[in-house]
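Following: one structure in structure tokens, then a few remarks.
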Amino acid sequence: HIRDGKGGKTVFFWEGADGTSREITYQELYNLVGKISKSLKKIGIGKGDTIGIYMSFTPESIALMLAAMKIGAVPLLIMSGFGAQALVERLNIVGAKALFTSDGFPLRNKTIELKNVIHEALEDAPTLKKVVVIERAGIKTVMTQPRDIFWNEFLDLGISAKEVQTASLESEHPALILFTSGTTGKPKAVVHTHAGILAQVAKEIKYCLDYHDTDVFFWYTDLGWMMAPWEILGVQFLGGTYVVFEGKPDWPDTGRLFEII
């Protein structure tokens, strides 16, 4: 899309739970994905490695997912509402090498702590080599050095590295992992492949919903639900614009979704 002159087009609108807003263009997203992919390489993440993304729905979480896909790594999207043990269980099932989380996030009328709550439990995830913490809420955060680093430090790692070329992958190479509770109560990992997810979500959004690239698309979802990558990958494939938001649809009042629209 940038090659075709759409770099200045808005790829998504983001509405934060604290009332902040951001509008990201295709070029800005491309640049951020490129920076993240260089830093991922610097911390030893490569083709086939899994990274956990466990935070509220922010622009950084979208760029992280895409950067992992760019280098052939596999993002594992985890709902921020899961507790520490549920998080660690999922990280261990897939053998995650890195976890991206935040110090916390705004929710309704309070601030939810995240990294401090899961800190001790992460000792039970032996495959984790790096934990990167985004300072979203301004909370004093417990860190284990040298494993844990803050987001800005992470981005600085790749500043001097050469640009990362998008990996050439087999069609069946894993693109992302999401968990479902299934019928047994135990979490089961669902693996989506690069060709499969792209063909399916683009088809559904284009034909089932009659989407055109002049439309603004909004699906109410959390990052840890399939509908988030569905919306992101499908609309971006079609060169359009979508909306994502952090928080709850009934806060600060039940008109939140209507106000976003």
Side-chain angles (χ1 to χ4, degrees), residues 36 39-58 60-61 63-65 67-69 71-107 110-155 157 174-192 222-226 228-229 246:
I36 294 170
S39 293
L40 284 172
K41 289 278 192 179
K42 282 291 186 179
I43 65 170
I45 302 299
K47 181 180 176 181
D49 293 330
T50 303
I51 67 163
I53 301 176
Y54 174 72
M55 62 181 73
S56 61
F57 205 174
T58 63
E60 290 78 13
S61 64
L64 265 168
M65 181 187 78
M69 290 178 170
I71 66 172
V74 189
L76 163 64
L77 308 182
I78 308 169
M79 284 185 62
S80 58
F82 278 124
Q85 293 308 315
L87 166 67
V88 168
E89 184 178 18
R90 285 157 175 77
L91 294 174
N92 288 338
I93 288 172
V94 303
K97 288 182 68 174
L99 173 67
F100 290 80
T101 186
S102 65
D103 57 351
F105 54 90
L107 185 69
K110 56 186 177 181
T111 299
I112 303 297
E113 289 197 39
L114 205 56
K115 174 58 165 63
N116 290 343
V117 173
I118 64 172
H119 179 74
E120 287 188 18
L122 293 181
E123 299 303 320
D124 296 325
T127 60
L128 277 184
K129 305 302 180 187
K130 215 67 176 172
V131 177
V132 181
V133 182
I134 290 178
E135 295 176 276
R136 171 77 181 96
I139 297 170
K140 187 174 181 180
T141 306
V142 180
M143 305 284 276
T144 296
Q145 304 294 348
R147 183 196 67 185
D148 301 354
I149 61 173
F150 287 109
W151 177 250
N152 288 336
E153 297 174 70
F154 167 75
L155 290 181
L157 292 175
L176 78 146
I177 298 174
L178 289 157
F179 272 86
T180 173
S181 59
T183 54
T184 63
K186 292 184 178 181
K188 295 180 179 65
V190 177
V191 181
H192 296 270
D222 179 89
L223 181 66
W225 185 27
M226 178 61 214
E246 174 191 56

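Just so you know, these numbers come straight off a predicted model, no measurement behind them. Counting begins at 1 with the first residue of the sequence.
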Please evaluate residues Leu76 and Tyr54 with respect to the criterion side chain to side chain contact (heavy atoms under 4.5 Å, CB included), reporting the C-alpha separation (whole Å), side-chain torsions for both, the decisive distance (0.1 Å), and the verdict.
CA-CA 9 Å; Leu76 163 64; Tyr54 174 72; over 6 Å; no

Which heavy atom in [X] sits nearest to a heavy atom in [Y], and how many Å separate them?
| X | Y | answer |
| --- | --- | --- |
| Val142 | Asp148 | O-OD2, 4.3 Å |
| Met65 | Pro229 | SD-CB, 3.9 Å |
| Ala73 | Ile45 | CB-CG2, 3.7 Å |
| Asp49 | Gly44 | OD2-O, 3.5 Å |
| Ser61 | Ser56 | OG-O, 4.1 Å |
| Lys140 | Asn116 | O-ND2, 2.9 Å |

Could you measure the distance from the [atom1] atom of [X] to the [atom2] atom of [Y]? Nearest 0.5 Å is fine.
| X | Y | atom1 | atom2 | result |
| --- | --- | --- | --- | --- |
| Glu246 | Met55 | CD | CE | 11.0 Å |
| Ile51 | Ile43 | CD1 | CD1 | 7.5 Å |
| Arg147 | Lys130 | CZ | NZ | 9.5 Å |
| Leu87 | Asp124 | CG | CG | 11.0 Å |
| Arg90 | Met79 | CZ | CE | 10.0 Å |
| Leu99 | Lys115 | CG | NZ | 8.5 Å |

Between Thr111 and Glu113, does a side chain to side chain contact (heavy atoms under 4.5 Å, CB included) hold up when you go through it step by step?
CA-CA 6 Å; Thr111 299; Glu113 289 197 39; 5.8 Å; no

Could you walk me through whether Trp151 and Leu64 pass side chain to side chain contact (heavy atoms under 4.5 Å, CB included), step by step?
CA-CA 11 Å; Trp151 177 250; Leu64 265 168; 4.0 Å; yes

State, with a plain yes or no, whether a side-chain heavy atom of [X] is found less than 4.5 Å away from one of [Y].
| X | Y | value |
| --- | --- | --- |
| Ile78 | Leu91 | yes |
| Arg136 | Glu60 | no |
| Lys188 | Val190 | no |
| Thr58 | Ser102 | no |
| Phe154 | Ile36 | yes |
| Phe82 | Ile118 | no |
| Leu40 | Phe100 | yes |
| Ile134 | Phe105 | no |

Does CD in Glu120 sit with more than 12 non-hydrogen atoms of other residues, nucleotides or ligands closer than 6.0 Å?
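Check fails, neighbour count at 12 or below.
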
Can you check side chain to side chain contact (heavy atoms under 4.5 Å, CB included) on Glu89 and Gln85, steps first, answer last?
CA-CA 6 Å; Glu89 184 178 18; Gln85 293 308 315; over 6 Å; no

Looking at Asp103 and Ala137, would you say the former's side chain and the latter's main chain have a donor-acceptor pair under 3.5 Å?
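At least one qualifying donor-acceptor pair exists.
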
Is a side-chain donor or acceptor of Thr127 paired with a backbone partner of Lys97 at a separation under 3.5 angstrom?
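It does not hold such a pair.
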
